[in-house]
Amino acid sequence: MQDQYPRIRLDVSNMMAENLGGRGINPNAVDRLASMAAAAQTAVQAQRGAGWLGWTELPYNQDDVVARIEEAAARVRARFANFVVLGIGGSALGPQAVQLALNHLHYNDLPAAKRPGPRLFVEDNIDPERMGALLDIAPPHESCYCVITKSGATAETMSQYLIISDLLKAQVGEGWQRHIIAVTDAAHGNLVQIARTEGFETFVIPDGVGGRFSELCPVGLLPAAVCGIDIRGLLAGAAAMDAACHDVDVWRNPALLAAALQYIAAQELRANIHVMLPYADSLRCMADWFCQLWAESLGKNITRRGAVIHAGQTPTKALGVTDQHSQLQLYTEGPFDKVVTFLKVENFRREQPIPHGCADFADVAFLGGKTHSQLIAAELAGTAYALRRAGRMNQTIILPRVDAHTVGQLLYFFELCTAYMGELLDIDAFNQPGVEESKIASFAVLGHPGEKYAKKRQEMQQTPAAQARYVL
Ligand code: PA5
């Protein structure tokens, strides 16, 4: 990797028993896992670009797509004041994470001349107050809507599409279709057919790229490019991380080592909670994106061979330093059921010097002459030390700076780590059958005419209602 693109690094010292007074992971446990880890790496490499591992090739196979995205982004920038993503899950969390990481922290509030693109809104939820609130500040005639859904059947997204297309027809009239860009599967699902019928500009979510692994395809690249983000840098960063994770030796492959340590932490030491703790506001939504990736991929009840497993660490997010004043007490003194992953930024893009003052108050005056970078770094160091002293496993991912390249590295690192973890657990990390039941039941409640929903409706009607004495 070239020098101008520093690599993010992984420091796992505080995962190890020798640094935690005996409570953490013994290096022998990692050595014992070495052959399983090597098999995980071999399996992932062997399936590159195939099955649900289509995302592994995204850094390399999108030259034409990237050029088209950049053209479309330029057109959107020239014409619209707002770019609204309609999507949920993997279609929403990545775009939000990358936008917050790489654009101004108050991007939407900047005057248009100071923004590299239109305001970005990612509308995932269907809280009935939400769409109206958006429309109050971003009217359809000046908005472009990017409808993102792989399946084309997601009720939340398609209901939003119905609302917006209806409004566009009424308020914009002829040419309303130019306000919509579809991002969906090439052949399957409702949206691709609707897009063909209506003539929407369309980008394809490639085969083998599931929602939560889709940030580096048009799902994430289009919103990022519209907002002026260097999408080629993102892909180059992902490729660099891929290159850094080719070794079958668990001690020489950072994503594989991270997976092996989490596997041991969860399976042997019962650390079933994984706290993602960025010490940077820009990485706050990266924690949300990670939580979905880790939860939906690894929370599985059976192995690929059908054995009962009920696997999966519960990912949870926090923000440094904010959550030192909220969650840290629990992390240092509560149950020994957590692993903390710090995201540390070495060089922030702005600095905030702290002026001298309050000379008579030693606890305040000592801050004078320092900077917020120094303060946040000291607080991260202090928290890692406190956790270590309390025998709590923690690891640090160090970003030399937050830019397109390091964010691309980070995304790919977590995706690989998740795929390795799936291999180690011998589960299918790419499906989500546990989400299905809730979906079928809610469609049944809404009166979907399909047979399976009618059956579910019947089943639900036969289920005893809540008993009065339990409802207060
Ligand atoms: O990771 C996943 O597959 C899910 O979280 C999906 O992204 C989410 O359910 C939305 O699905 P779709 O893209 O089909 O609308």
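We're numbering straight along the sequence, starting at 1.
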Please check if the side chain of [X] supplies one atom and the backbone of [Y] the other of a donor-acceptor pair under 3.5 Å.
{"X": "N103", "Y": "A101", "answer": "no"}
{"X": "Q409", "Y": "I8", "answer": "yes"}
{"X": "Q47", "Y": "A43", "answer": "yes"}
{"X": "N253", "Y": "L256", "answer": "yes"}
{"X": "E351", "Y": "S373", "answer": "yes"}
{"X": "Y412", "Y": "T56", "answer": "yes"}
{"X": "D323", "Y": "A318", "answer": "no"}
{"X": "K344", "Y": "A280", "answer": "no"}
{"X": "Q292", "Y": "G94", "answer": "no"}
{"X": "T154", "Y": "E156", "answer": "no"}

Check whether any side-chain heavy atom of [X] lies under 4.5 Å from a side-chain heavy atom of [Y], and answer yes or no.
{"X": "V250", "Y": "L33", "answer": "no"}
{"X": "W55", "Y": "L216", "answer": "no"}
{"X": "I137", "Y": "F121", "answer": "yes"}
{"X": "N14", "Y": "V12", "answer": "no"}
{"X": "R284", "Y": "L100", "answer": "yes"}
{"X": "W251", "Y": "D31", "answer": "yes"}

List the steps and the verdict of side-chain contact (heavy atoms from CB on, under 4.5 Å) for I427 and I302. CA-CA 7 Å; I427 53 158; I302 50 166; over 6 Å; no
Taking ring-ring contact (aromatic ring centres under 6.0 Å, His included) as the definition, give me every residue that meets it alongside Y107, ordered by chain and number, with sequence neighbours left out.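 Counting only residues at least two positions away or on another chain, Y107 forms no ring-ring contact (aromatic ring centres under 6.0 Å, His included).
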In chain order, what residues pass the ring-ring contact (aromatic ring centres under 6.0 Å, His included) check against W176, with sequence neighbours excluded? F200
Flag for [Y]-[X]: side-chain donor and acceptor within less than 3.5 Å:
{"X": "K338", "Y": "N272", "result": "no"}
{"X": "W52", "Y": "D428", "result": "no"}
{"X": "T383", "Y": "Q324", "result": "yes"}
{"X": "Q160", "Y": "E123", "result": "no"}

Separation of R7 CZ from T406 OG1 (nearest 0.5 Å): 13.0 Å
Spacing of CG belonging to D288 relative to NZ belonging to K317, to within rounding of 0.5 Å: 3.5 Å
Dump the intermediate steps for salt bridge (charged side-chain N to carboxylate O under 4.0 Å, His left out) on E142 and R79, then the final yes or no. CA-CA 8 Å; E142 50 185 45; R79 176 146 186 229; over 6 Å; no
S282 and R349: CA distance, side-chain angles, deciding distance, side-chain contact (heavy atoms from CB on, under 4.5 Å) verdict: CA-CA 10 Å; S282 63; R349 291 164 292 201; 3.3 Å; yes
Would you please test R68 and Q62 for side-chain contact (heavy atoms from CB on, under 4.5 Å) and show each step? CA-CA 10 Å; R68 255 195 78 211; Q62 294 192 99; over 6 Å; no
Measure up the H274 and W294 rings against each other and bin them: parallel (under 30°), tilted (30 to 60°), perpendicular (over 60°).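 Ring orientation of H274 relative to W294: perpendicular.
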Parallel, tilted or perpendicular: which one describes the rings of F414 and F290, with boundaries at 30° and 60°? tilted
Results of side chain to side chain donor-acceptor pair (under 3.5 Å) for R119 - residues two or more places apart only: N82
Kindly determine whether T418 and M421 satisfy side-chain contact (heavy atoms from CB on, under 4.5 Å), including the steps that lead there. CA-CA 5 Å; T418 305; M421 192 70 168; 5.5 Å; no
Pair N61-E57, side-chain hydrogen bond (donor to acceptor under 3.5 Å, both in side chains): steps then yes or no: CA-CA 6 Å; N61 63 9; E57 294 304 298; 5.6 Å; no
Give the C-alpha distance, both sets of side-chain angles, the deciding distance and a yes or no for ring pair (Phe, Tyr, Trp, His ring centres under 6.0 Å) between Y145 and Y161. CA-CA 9 Å; Y145 299 90; Y161 167 76; 9.8 Å; no
Enumerate the residue pairs fulfilling side-chain hydrogen bond (donor to acceptor under 3.5 Å, both in side chains) with a member in residues 201-212, sequence neighbours excluded, ordered by first and then second residue. R75-E201, R212-E296, R212-S297, R212-Q432
Salt bridge check: are [X] and [Y] linked by an N-O gap of less than 4.0 Å?
{"X": "D242", "Y": "R48", "answer": "yes"}
{"X": "D426", "Y": "R305", "answer": "yes"}
{"X": "D124", "Y": "R130", "answer": "yes"}

Identify every side-chain donor-acceptor pair in residues 182-189 under 3.5 Å, counting partners at least two apart or on other chains, and give the distances.
{"residue": "T184", "atom": "OG1", "partner": "T149", "partner atom": "O", "Å": "2.6"}
{"residue": "D185", "atom": "OD2", "partner": "A187", "partner atom": "N", "Å": "3.0"}
{"residue": "D185", "atom": "OD2", "partner": "H188", "partner atom": "N", "Å": "2.8"}
{"residue": "D185", "atom": "OD2", "partner": "H188", "partner atom": "ND1", "Å": "3.3"}

For E346, salt bridge (charged side-chain N to carboxylate O under 4.0 Å, His left out) partners two or more places apart: R9
When the ring centroid of F213 is compared with that of F430, is the distance short of 6.0 Å?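 Yes; F430 has its ring centre under 6.0 Å from that of F213.
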